[in-house]
A.B. asks: 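Structure in C-alpha cells, see below.
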Amino acid sequence: MKKIYVLLMHTNTIPSKIIKRATGYDYSHVGISLQKECDTIYSFGRKKYNSIINCGFTIEKKDGAFFKKFNKTVCKIYEVNVSNHQFRQVQRILKTMVKNQSLYKYDFLGLILKYWDIPRNVKNKYVCSYFVAHVLEEAKIYKFSKPTSLVRPKDFDNLANFYEIYQGEYLRYF
C-alpha cells in the first residue's frame with residue numbers, strides 16, 4: 001500500500017478571495033502530492049506568482065517563490081491509501097503532464113461555467129479541482145457522483161477513505 005495526499009488551500013490572493021466569496025467555502029484551490037511532507041504539489045493555477053493570466057499545469061514547491069510570497073496560505077490535507085498499481089497510475093499521469101506541460105492550459109471559461117453547473121470538457125484544459133478529480137478517477141481511486149469538470153474544492157471534503165491529517169498554515173506543516 002502507498003499513500004497520496006489531496007490539499008485544499010486558500011492562498012489569500014485576489015482570485016482566491018473572489019472564489020471563496022463566490023462559493024462560501026474556506027478553500028479555493030486543490031492540489032495533489034505524492035509525499036507525506038507535501039513539498040511538491042501538482043495542480044492547475046498561475047505559473048508565475050505575479051501573473052493571474054499565465055496559468056496552466058503547475059508544480060508548486062513548498063520552498064518556491066509562490067509560497068515565499070503567499071506565506072500565509074492555509075490548507076487542509078487529506079491522506080488516502082492506494083494500491084501500488086493506483087500509485088503508479090497517478091505517477092504515470094503526472095509524469096506525462098510534467099513532460100508535456102506546455103500542452104496544458106487553465107480553463108478560465110470552465111471555471112465560470114462550473115458555477116452554473118454546466119460541464120465543459122476540453123482536451124488538456126483544466127482548473128485545479130477538475131484536474132485532481134480527473135487524476136483520482138483515472139487512477140480508479142475515487143469516482144465522483146458528477147462530471148469531474150463540475151467538481152469543486154468543497155467536494156473533496158469528507159470523501160470515503162480520505163482522512164484529514166492536517167489543517168492550518170501550509171508552511172507550518174511538517
Side-chain angles (χ1 to χ4, degrees), residues 3-80 90 94 97-98 101-102 104-118 120 125-136 142 144 146 148-159 162-174:
K3 297 176 187 293
I4 62 166
Y5 302 86
V6 172
L7 294 86
L8 302 179
M9 306 176 97
H10 180 70
T11 58
N12 216 27
T13 60
I14 291 171
S16 70
K17 288 177 183 177
I18 292 168
I19 292 169
K20 183 176 179 177
R21 179 172 241 180
T23 63
Y25 184 64
D26 288 338
Y27 301 98
S28 52
H29 185 62
V30 183
I32 190 167
S33 183
L34 300 178
Q35 12 154 252
K36 186 170 184 103
E37 300 80 15
C38 297
D39 289 338
T40 302
I41 304 166
Y42 302 90
S43 190
F44 268 73
R46 59 174 82 188
K47 291 184 174 207
K48 297 187 186 231
Y49 74 83
N50 58 356
S51 172
I52 61 171
I53 304 298
N54 183 10
C55 298
F57 178 70
T58 60
I59 303 166
E60 301 162 351
K61 299 282 189 176
K62 189 178 232 178
D63 62 356
F66 184 86
F67 290 113
K68 280 188 170 88
K69 177 154 176 83
F70 302 106
N71 57 12
K72 296 296 181 196
T73 296
V74 294
C75 69
K76 187 187 294 189
I77 301 175
Y78 288 98
E79 176 182 82
V80 61
V90 172
L94 295 176
M97 294 181 94
V98 167
Q101 283 184 54
S102 63
Y104 297 97
K105 307 296 180 204
Y106 194 87
D107 191 5
F108 290 101
L109 180 57
L111 180 66
I112 295 165
L113 293 175
K114 172 189 305 258
Y115 293 98
W116 283 295
D117 291 323
I118 301 170
R120 174 177 156 89
K125 282 195 164 196
Y126 297 92
V127 299
C128 60
S129 53
Y130 174 19
F131 159 69
V132 175
H134 170 77
V135 171
L136 294 176
Y142 190 85
F144 288 86
K146 59 177 147 183
T148 52
S149 66
L150 294 180
V151 172
R152 301 174 184 185
K154 72 178 179 181
D155 294 326
F156 291 90
D157 262 341
N158 305 312
L159 296 181
F162 283 67
Y163 303 98
E164 183 181 325
I165 60 168
Y166 178 78
Q167 187 170 2
E169 288 187 24
Y170 171 65
L171 293 179
R172 291 181 180 240
Y173 175 68
F174 245 79

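Because the structure is predicted, anything quoted here is derived from the model rather than measured.
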A.B. asks: Taking all non-hydrogen atoms of both residues, which atom of Y115 and which atom of T23 are closest, and how far apart?
C.D. replies: CE2-CG2, 3.3 Å
A.B. asks: Below 4.5 Å, heavy atoms only, C-beta onward: do D157 and K76 meet side chain to side chain?
C.D. replies: yes
A.B. asks: Tell me if the centroids of the rings in F131 and Y106 come within less than 6.0 Å of each other.
C.D. replies: no
A.B. asks: Just to verify, which of H29, R152, K114 counts as forming a side-chain hydrogen bond (donor to acceptor under 3.5 Å, both in side chains) with S129?
C.D. replies: K114
A.B. asks: Does the side chain of F57 come within less than 4.5 Å of Y126's, by heavy atoms?
C.D. replies: no
A.B. asks: Under the side chain to side chain contact (heavy atoms under 4.5 Å, CB included) rule, what do I77 and C38 come out as? Steps first, then yes or no, please.
C.D. replies: CA-CA 9 Å; I77 301 175; C38 297; 4.1 Å; yes
A.B. asks: Under 3.5 Å, side chain of K154 to main-chain N/O of V151, donor-acceptor pair present?
C.D. replies: no
A.B. asks: Could you go step by step and tell me if E60 and F67 meet the side chain to side chain contact (heavy atoms under 4.5 Å, CB included) rule?
C.D. replies: CA-CA 8 Å; E60 301 162 351; F67 290 113; 3.9 Å; yes
A.B. asks: When you compare the side chain of F162 with that of I4, does any pair of heavy atoms fall below 4.5 Å?
C.D. replies: no
A.B. asks: Is the closest basic N to carboxylate O distance between K68 and D63 below 4.0 Å?
C.D. replies: no
A.B. asks: Could you tell me if the side chain of R120 sits less than 4.5 Å from the side chain of L113, heavy atoms only?
C.D. replies: yes
A.B. asks: Give, for atom CZ of F156 and atom CG of L8, the distance between the pair rounded to the nearest 0.5 Å.
C.D. replies: 7.5 Å
A.B. asks: Can you tell me how far the OH atom of Y142 sits from the CG atom of L159, to the nearest 0.5 Å?
C.D. replies: 4.5 Å
A.B. asks: What orientation do F66 and F70 show, parallel under 30°, tilted 30 to 60°, or perpendicular over 60°?
C.D. replies: tilted
A.B. asks: Measuring from atom CZ of F174 to atom NZ of K62, what distance do you get when rounded to the nearest 0.5 angstrom?
C.D. replies: 8.0 Å
A.B. asks: So does T40 get a backbone contact from the side chain of Q35, meaning a donor-acceptor N/O pair under 3.5 Å?
C.D. replies: yes
A.B. asks: At what distance, to the nearest 0.5 angstrom, does CG of N158 lie from CD of E164?
C.D. replies: 8.5 Å
A.B. asks: Measure the spacing between CG of L136 and OG1 of T148 and express it to the nearest 0.5 Å.
C.D. replies: 10.0 Å
A.B. asks: So which atom in F108 and which in C55 form the shortest heavy-atom distance, rounded to 0.1 Å?
C.D. replies: CZ-SG, 3.8 Å
A.B. asks: Under the rule for side-chain hydrogen bond (donor to acceptor under 3.5 Å, both in side chains), what residues qualify as partners of T11, not counting sequence neighbours?
C.D. replies: T13, S16
A.B. asks: Considering the options Y163, Y5, Y166, which one meets the side-chain hydrogen bond (donor to acceptor under 3.5 Å, both in side chains) requirement together with E79?
C.D. replies: Y5
A.B. asks: Are N12 and K17 close enough that some pair of their side-chain heavy atoms sits under 4.5 Å apart?
C.D. replies: yes
A.B. asks: Within a strict 4.5 Å, meaning less than it, do heavy atoms of the K36 and Y173 side chains meet?
C.D. replies: yes
A.B. asks: Does T58 reach the main-chain N or O of S43 with its side chain, forming a donor-acceptor pair under 3.5 Å?
C.D. replies: yes
A.B. asks: Report the C-alpha distance between H10 and Y170 in whole Å, list the side-chain angles of each, state the deciding distance to 0.1 Å, and finish with yes or no for side chain to side chain contact (heavy atoms under 4.5 Å, CB included).
C.D. replies: CA-CA 10 Å; H10 180 70; Y170 171 65; over 6 Å; no
A.B. asks: If we only count heavy atoms from C-beta on, is the I59 to I41 side-chain gap below 4.5 Å?
C.D. replies: no
A.B. asks: NZ of K69: more than 12 outside heavy atoms within 6.0 angstrom?
C.D. replies: no
A.B. asks: Do L7 and S33 touch side chain to side chain, with heavy atoms closer than 4.5 Å?
C.D. replies: yes
A.B. asks: Nearest 0.5 angstrom please: H134 NE2 to I32 CD1, how far?
C.D. replies: 11.0 Å
